[in-house]
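Below: one structure, written as C-alpha cells.
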Amino acid sequence: MPTGRFVVDAAALVPNGICELPGGVAHQVRDVLRLGPGASLTLLDGDGGEWPATVASADRKRVVARLGVRRVCAAEPSARVVLCPGLLKAAKLEWVFQKGTELGITAFAPVICARGRALGDELGGGKRDRWRRILVEATEQCGRARVPPLADPTPLALALAELPPSAIGLMPWEGEHTRSLRQVLAGALGAHPSSNVPEVWIFIGPEGGFAAHEVALARERDVVPVTLGPRILRAESAAIVAAALALEACGELG
C-alpha cells in the first residue's frame, strides 16, 4: 500500500490525537496517492519530528488522520552545514535549495554580492513563498523531517560580520589553487572533538564569481578561500559539490 510523508503545522499534532489535514496535503493523500481509511502515512512537524499516522476518514470535504507518538527522524544530519549562495537566476537558485535540502544542509542564507543578481529580481511575485514550498517538498521527498530555515538575502559584508565566532567559514573561489575544501575542513575539524563539531558555513559566489575585495573581506573575517579542483564550476554546481564535500567530511554521507 502506498504511503506518504507530509509537512503540516506542528500545532495541529497531538500525541494519539486526530488531525484534519490541510487542503494541499488532503489532496495529495486522497486524490494523488488515493489513500483511504486505514492507510498509513507520516506527518512531519518541520522541526525534526515524525508522527506516524493512519487515515481515519477521507471524503471530498476533508481528510482526517489519527496520530501516534512523535519520534525523532533518523535521517536528520547531526552536523550543521549552512549554505550561503550568491543570488542566481531563479531556476538555478531553486535547484540549489532543492538539492541542498536533499543532501542535508541545515539552513540557507543567500548573500547579495557585487556581481550577483539584484535583490528585487528574486523576492518579487511571491518568490519567497515558492522557495519555502521547494524546501518543504524536498524535505518530504528525501526522508528528512526538519525543513531548513531560509534567511532573507543579506549583503555579503553583513553575512560575514555575523558569522558565529566558532563556525568554520569556507569560500570556494576560482582564484585559490592550493588549499582544497577537503584539506582545510579536515584540518579544522581535527581540532575539535567529534562530539563538538562546529557549524560549517560555505559561501558560494554568484554567476560572475566573487570580486577581489569580497575575497579580501572574507579573509579578514577568517573565512578561508578554498579550491574545488582544477576546473571552474558553475555557481550552482559549486554549491552542491561544496555542500557534499562538507557533509562527507562531517560524516554525514557515505
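These numbers come from the heavy atoms of this one structure, side chains and all, not from hydrogens, waters or symmetry mates. All values derive from a computational prediction rather than experimental measurement.
V81 and V111 sit in two unconnected hydrophobic clusters of ILVMFWY residues. Membership requires side-chain heavy atoms under 4.5 Å apart, directly or through other members. Put simply, W201 and L103 are part of two different groups of oily side chains (I, L, V, M, F, W, Y) that touch within less than 4.5 Å, one to the next. A chain of hydrophobic side-chain contacts below 4.5 Å, direct or via other Ile, Leu, Val, Met, Phe, Trp or Tyr residues, connects L247 to V224. Follow the hydrophobic side-chain contacts under 4.5 Å out from L228 and you reach L185 in the same cluster. In the hydrophobic clustering of this structure, V55 does not group with V14; members are Ile, Leu, Val, Met, Phe, Trp, Tyr whose side-chain heavy atoms approach within less than 4.5 Å, directly or through other members.
In this model, no donor atom of one side chain and acceptor atom of the other lie less than 3.5 Å apart for E199 and S166.
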(request) Check the pair R30 / D59 against salt bridge (charged side-chain N to carboxylate O under 4.0 Å, His left out), numbers first and verdict last. (result) CA-CA 8 Å; R30 180 188 57 232; D59 56 38; 5.7 Å; no
(request) Please step through side chain to side chain contact (heavy atoms under 4.5 Å, CB included) for the pair I112 and T154, ending with a clear verdict. (result) CA-CA 6 Å; I112 303 168; T154 303; 5.9 Å; no
(request) Walk me through it: do F108 and T101 pass the test side chain to side chain contact (heavy atoms under 4.5 Å, CB included)? (result) CA-CA 9 Å; F108 296 93; T101 299; 3.5 Å; yes
(message) As a quick check of understanding, evaluate side chain to side chain contact (heavy atoms under 4.5 Å, CB included) for R62 and L21, giving each step before the final call.
(response) CA-CA 7 Å; R62 65 178 193 159; L21 303 184; over 6 Å; no
(message) side chain to side chain contact (heavy atoms under 4.5 Å, CB included) for V7 and E140? Distances and angles first, verdict last.
(response) CA-CA 7 Å; V7 174; E140 294 170 343; 3.8 Å; yes
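The two residues A235 and G205 have their closest heavy-atom pair at CB-O, 3.5 Å. Heavy-atom minimum distance, V63 versus A58: CG2-CB, 4.1 Å. Here the closest heavy-atom approach between residue K127 and residue A90 is recorded as NZ-CB, 3.5 Å. Scanning all heavy atoms of the two residues, the minimum distance from A79 to T106 falls at O-OG1, 3.4 Å. Of all the heavy atoms in G209 and R115, the pair that sits closest is O-CD, 3.3 Å. Contact record, P37 with S57: CG-CA, 4.3 Å, taken as the closest heavy-atom pair.
Proximity of a side-chain donor or acceptor of S237 to a complementary backbone N or O of L233 within less than 3.5 Å is not detected. Of the possible donor and acceptor atoms, one in the side chain of E214 sits under 3.5 Å from a partner among the backbone N and O of A114. Put simply, the side chain of R5 gets close to the backbone of G143: a donor and an acceptor are under 3.5 Å apart. Although no hydrogens or angles enter the test, the distance criterion places no donor-acceptor pair under 3.5 Å between the side chain of R234 and the main chain of E207. With S40 contributing its side chain and T54 its backbone, the two residues share no donor-acceptor pair below 3.5 Å. The backbone N or O of R146 lies less than 3.5 Å from a partner atom in the side chain of E76, making a donor-acceptor pair. The closest donor-acceptor contact from the side chain of S180 to the backbone of T178 lies at 3.5 Å or more, if one exists at all.
Here NZ of K89 is found 13.5 Å from CD of E94. Values are rounded to the nearest 0.5 Å. L181 contributes atom CG, which lies 5.0 Å from atom CG of L170 (distance to the nearest 0.5 angstrom). From F6, atom CZ reaches atom CG of L41 across 6.5 Å, with rounding to the nearest 0.5 Å. In this structure, CG in D222 is found 9.0 Å from CG in L163, a value given to the nearest 0.5 Å. With values rounded to the nearest 0.5 angstrom, L83 atom CG is found 11.0 Å from L150 atom CG. Note that CD of Q98 is 9.5 Å distant from CD1 of I240, once rounded to the nearest 0.5 Å.
For CZ of R182, the number of neighbouring non-hydrogen atoms (other residues, nucleotides, ligands) closer than 6.0 Å is 12 at most. Counted within 6.0 Å of CZ on R132, heavy atoms from surrounding residues, nucleotides or ligands total 12 or fewer; the atom is thus considered open. Around the CD1 atom of I18, the shell of radius 6.0 Å holds no more than 12 heavy atoms that belong to other residues, nucleotides or ligands.
Counting heavy atoms from C-beta outward, L156 and L158 have side chains that stay 4.5 Å or more apart. Under the 4.5 Å side-chain criterion, counting only non-hydrogen atoms from C-beta, V8 is not in contact with E20. Using a 4.5 Å heavy-atom cutoff, the side chains of V226 and Q183 are not in contact. Residues M171 and V215 have side chains in contact (heavy-atom distance under 4.5 Å, counting atoms from C-beta outward). Put simply, the side chain of V223 does not reach to within 4.5 Å of the side chain of R219, judged on heavy atoms. With contacts defined as side-chain heavy-atom distances shorter than 4.5 Å, the pair R231/E174 does not qualify. You'll find the side chain of L189 reaches within 4.5 Å of the side chain of I168, heavy atoms only. Using a 4.5 Å cut-off on side-chain heavy atoms (C-beta onward), L93 and W131 make contact.
Within the structure, the ring-ring contact (aromatic ring centres under 6.0 Å, His included) test picks out no pair touching residues 203-245 (sequence neighbours left out).
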